[in-house]
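Written out below as C-alpha cells is the structure these notes cover.
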Amino acid sequence: MDLGIAGKTALVCASSKGLGKGCAEALAAAGVSLIMNARGAEALEATAQEIRDRHGVAVTAVAADITSADGRAEVLAAAGSVDILVTNAGGPPPGLWSDWDRDDFIAALDANMLTPVALMQAMLPGMIERKWGRVVNITSGSVKAPIPQLGLSNTARAGLTGFVAGTARQVAGQGVTINNLLPGIHATDRAVSLDTGVAKAQGIDIAAAKTQREATIPSGRYGTASEFGATCAFMCSQHAGFMVGQNIVLDGGAINATL
Ligand code: NAP
C-alpha cells in the first residue's frame with residue numbers, strides 16, 4: 001500500500017533500537033526523511049547508516065537524552081519543522097508501589113509524560129500552520145490494563161493519555177492527528193530486561209521466564225519491532241486522517257477485554 005507520505009519528514013525519538021527503530025525503519029521505507037535520536041551515539045549512527053543504505057532517505061542522527069531539557073533543545077534545533085512526530089523514551093524501572101519516592105515519580109513523569117507533551121508543544125504549531133501533521137506517542141498496554149510491577153509507567157502514561165485525549169480533538173480540525181500506540185510485550189532489549197526481572201524474582205532462568213510470559217499472550221509469542229513499525233507508519237499515513245485521539249493496542253490479544 002502506498003502510504004502517501006513520501007517526501008515528508010519525521011522526528012522519531014529514542015530510535016537506535018527496539019520499537020523506535022521499527023517505526024523509523026517503516027517510515028523510511030515509505031520514503032520519509034528522518035531525524036533520529038538516542039543517547040548512545042555509536043548504536044544511533046549505526047542504525048542511521050543502516051536506514052540510509054537500505055531506503056535511500058536522508059537521516060540526521062542526534063545523540064542526546066530526549067528526557068532532558070538540553071537534550072530536547074538539541075534534537076528540536078536539528079529537526080526544525082517536521083510533518084511527523086513519534087515520541088518515545090525508555091520506560092521506568094519496575095518495583096513495588098512502596099519503593100518509590102517523590103523524585104522517582106518526578107523522573108517517570110518527566111520521561112514518559114512531560115517529554116512527549118513538550119515535543120508536541122514544540123511541533124504542533126508548525127503542523128497546524130501547514131494544515132497537516134501526524135503525532136504517534138509510543139506508550140504501553142499498561143494504559144489499558146495496569147501492570148502491577150510497573151507502577152511508575154502506569155502513572156506517567158495515564159497522564160500523557162489524558163493530555164492526548166483532549167489535545168487531539170483541539171487540533172484535528174487543522175489536519176493534525178494525534179494518537180497513541182500501546183505495545184504489549186515485544187522482542188526488544190526492554191523485554192529481555194523485564195524477562196530478567198521475572199527470572200530473578202522467581203529464581204528461574206531467563207528462557208523459562210520468557211516462556212512463562214509468552215504463555216500469557218493468545219498469539220503465543222512476543223511481537224516484533226517491524227510489526228510495530230508498520231502499524232506506526234500506517235497511523236502516520238494519508239489513510240489515517242480520520243483516526244483521532246485513539247489508543248491502538250498491539251499485544252497479541254494479551255489484554256482480555258471486549259473493547
Ligand atoms: P529498548 O529496546 O530498550 O530501546 C529503547 C531505545 O530508546 C534505544 O534506542 C535507547 O537508546 C533509546 N532511549 C532510551 N532512553 C532514551 C532517552 N532518555 N533519550 C533518548 N533515547 C533514549 O526499548 P523498547 O522495547 O523499544 O521500548 C520503547 C518504549 O516502549 C519504552 O518506553 C518501553 O517502556 C515501552 N514498552 C515496551 C514494551 C516491550 O515489550 N518492548 C512493552 C510496553 C511498553 P539509548 O539507550 O542509547 O538512549
Side-chain angles (χ1 to χ4, degrees), residues 11-25 34-48 50-51 61-76 78-79 86-94 107-116 118-119 136-147 149-158 160-161 180-198 209-210 213-214 216-217 219 221-229 231-232 247-252 254-255:
L11 166 57
V12 185
C13 303
S15 54
S16 65
K17 298 179 190 165
L19 303 179
K21 178 181 176 184
C23 296
E25 179 102 50
L34 301 174
I35 295 92
M36 296 179 63
N37 151 261
R39 292 163 304 180
E42 205 176 315
L44 177 63
E45 191 41 58
T47 301
E50 197 184 308
I51 290 180
V62 187
D65 183 345
I66 198 67
T67 67
S68 76
D70 288 350
R72 224 165 20 248
E74 213 182 311
V75 172
L76 288 170
V86 179
T87 75
N88 186 30
L109 292 173
D110 254 340
N112 298 109
M113 178 184 149
L114 298 175
T115 290
L119 290 164
V136 173
N137 300 293
I138 299 178
T139 64
S140 170
S142 68
V143 169
K144 283 233 175 197
I147 302 170
Q149 68 276 22
L150 290 179
L152 291 173
S153 172
N154 298 338
T155 305
R157 298 189 200 276
L160 172 62
T161 305
N180 303 318
L181 190 45
L182 284 55
I185 305 175
H186 283 71
T188 67
D189 290 356
R190 169 78 168 167
V192 174
S193 111
L194 293 176
D195 288 347
T196 307
V198 170
K210 181 172 186 238
R213 293 214 299 153
E214 278 174 340
T216 66
I217 305 172
S219 294
R221 64 173 177 90
Y222 290 0
T224 68
S226 74
E227 290 170 314
F228 190 86
T231 306
C232 175
N247 290 281
I248 306 297
V249 180
L250 277 188
D251 71 346
I255 294 174

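Just follow the structure's listing: the first ligand is 1, and inside any ligand the first atom is 1.
Each of A14, S16, K17, G18, L19, N37, A38, R39, G40, A64, D65, I66, T67, N88, A89, G90, G91, I138, T139, S140, R157, P183, G184, I185, H186, T188, D189, R190 has a non-hydrogen atom positioned under 4.0 Å from some atom of ligand 1.
Side chains of D110 and T67: no donor on one and acceptor on the other come within 3.5 Å.
Qualifying salt bridge (charged side-chain N to carboxylate O under 4.0 Å, His left out) partners for D195, counting only residues two or more places apart in sequence or in other chains: R213.
Taking each heavy atom of G18 and A225 in turn, the nearest pair found is O-CB, 3.5 Å.
At distances below 3.5 Å, not a single donor-acceptor pair connects side-chain atoms of N137 with backbone N or O atoms of N180.
Here salt bridge (charged side-chain N to carboxylate O under 4.0 Å, His left out) pairs that include residues 14-24, with residues two or more places apart or in two chains, are K17-D189, K21-E50.
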Cut-off 3.5 Å, no hydrogens considered: what does the side-chain donor-acceptor table look like for residues 40-47, sequence neighbours left out?
{"residue": "E45", "atom": "OE2", "partner": "R52", "partner atom": "NH1", "Å": "2.9"}
{"residue": "T47", "atom": "OG1", "partner": "S16", "partner atom": "O", "Å": "2.8"}
{"residue": "T47", "atom": "OG1", "partner": "A43", "partner atom": "O", "Å": "3.0"}

